[in-house]
J.: 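Can you keep this structure in mind? I'll have questions shortly.
Per chain, numbering begins at 1; letters A, B, ... match sequence-line order.
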Amino acid sequence: WSYHYLVHGYCKSSKRISRAMRYMKEMKKRGLTPDAVTYSCLISGCGRRGKTDEALELLEEMKRKNVALDVVVFNALIHALGRWKRGKRAFLVFQEMRYRGIQPDEWTFNLLLNALAKVGEAQAGLKMFNMMKRLGIAPSVVTYTAVIDCLGAGGQALAAYKLHNKLLARREAYSTRTWNSLLKGLAKEDRMGMAYLVYQRMRRRGYEPDRVTYSILLDLCTAVRDLKKVVQLQSDMRAAELEPD
RNA sequence: AGUCAUG
């Protein structure tokens, strides 16, 4: 019957991944073949628990058993690898995906950008962003946040800032999170002046700073010992009815 | 039915 149902159900909660894995083993003993949906559930479950080698092994198993691969399986695997700082490996998986003729989608690139951000690969991230264009895959606000974060995390805050200006000029979709990712990159390089201007601009444009915005800025104030701006920011926070951390 | 962004 439906082992699929059991496996999928247990994959939802990260605590129960081992149980899901057991059910899958039973499934296999009975000669049933898990499908791509089952595998992607298990791969993302392994990812949540840091079991990246197991996640990779699941892909190998799919290949051995000739289970049809799809974009979600690869996305789940890239995510699993990326979140545990295996950006290089995530990129290799991306290449294999293309080699096997599975078309990457917008999520694939978002996930890759996050993976590369975690290992500080700004240059590679920019290449991915450009490749996306070439393949005719439309970026979203999630993509913009990810690429700006990737640049900032890789010590390219000024490049991030330039890209941000270009996107704003083109009136691309934006969100508070996107502004925050830019601020994070500027903060990493102790660029208090620029960060504060960006903060003011963000407000003028109608994007409400949130708790993350203030957290980034207040940490930066501490790093550069700017007490005056701490006072100003705290008063802005109160005006916005946000609690200090 | 399964995969994404900011401290």
J.: Holding to salt bridge (charged side-chain N to carboxylate O under 4.0 Å, His left out), I want the full list of residues that pass it with A/Arg86, two or more places apart in sequence or in another chain.
T.: A/Asp53
J.: Kindly check if the number of other-residue, nucleotide or ligand heavy atoms within 6.0 Å of CZ (A/Arg171) is above 12?
T.: no
J.: Among the candidates B/U6, B/G2, B/A5, find the nucleotide nearest to the side-chain atoms of A/Val142.
T.: B/A5
J.: Can you name the residues that form a side-chain contact (heavy atoms from CB on, under 4.5 Å) with A/Arg205, not counting sequence neighbours?
T.: A/Leu168, A/Trp179, A/Arg201, A/Tyr207
J.: Kindly say whether, by distance alone, the side chain of A/Asp35 makes a donor-acceptor pair under 3.5 Å with the base of B/G2?
T.: no
J.: Salt bridge or not between A/Glu57 and A/Arg64? Use side-chain N to carboxylate O under 4.0 Å.
T.: yes
J.: For A/Val73, which contact category applies under a 4.0 Å heavy-atom criterion: base, sugar-phosphate, or nothing?
T.: base
J.: Between atom CG in A/Asn114 and atom P in B/U3, what is the gap in whole Å?
T.: 15 Å
J.: Which nucleotide in the list B/C4, B/G7, B/A5 gets nearest to the side chain of A/Val141?
T.: B/A5
J.: Between atom CH2 in A/Trp179 and atom P in B/G7, what is the gap in whole Å?
T.: 18 Å
J.: Between A/Glu60 and A/Lys65, does at least one N-O distance fall below 4.0 Å, as a salt bridge requires?
T.: no
J.: Grab the OH-P distance between A/Tyr39 and B/A1 for me, whole Å please.
T.: 21 Å
J.: Answer with base, sugar-phosphate or nothing: what part of the nucleic acid does A/Asp70 contact at a heavy-atom distance below 4.0 Å?
T.: base
J.: Report which part of the nucleic acid A/Ala80 touches: base, sugar-phosphate, or nothing (heavy-atom distance under 4.0 Å, all strands).
T.: nothing
J.: Rounded to whole Å, please give me the gap between CD1 in A/Ile102 and C1' in B/U3.
T.: 14 Å
J.: Where along residues 117-135 of chain A does a heavy atom come under 4.0 Å from RNA chain B, residue by residue in number order?
T.: none
J.: Parallel, tilted or perpendicular: which one describes the rings of A/His164 and A/Tyr161, with boundaries at 30° and 60°?
T.: parallel
J.: Below 4.0 angstrom from OP1 or OP2 of B/C4, is there any side-chain N or O of A/His79?
T.: yes
J.: Quickly work out the A/Leu111 CG to B/U6 P distance and round it to whole Å.
T.: 11 Å
J.: Please determine which of A/Leu186, A/Leu183, A/Val224 meets the side-chain contact (heavy atoms from CB on, under 4.5 Å) test together with A/Arg191.
T.: A/Leu186
J.: Quickly work out the A/Leu81 CG to B/C4 P distance and round it to whole Å.
T.: 13 Å
J.: Between A/Lys184 and B/G7, is there a side-chain N or O to OP1/OP2 distance below 4.0 Å?
T.: yes
J.: Using whole Å, what does the distance between atom C1' of nucleotide B/U6 and atom CD of A/Glu208 come to?
T.: 16 Å
J.: Looking at the side chain of A/Val37, which of B/A5, B/U6, B/A1 is the nearest nucleotide?
T.: B/A1
J.: Rounded to the Å, how far apart are A/Leu186 CG and B/U6 C1'?
T.: 13 Å
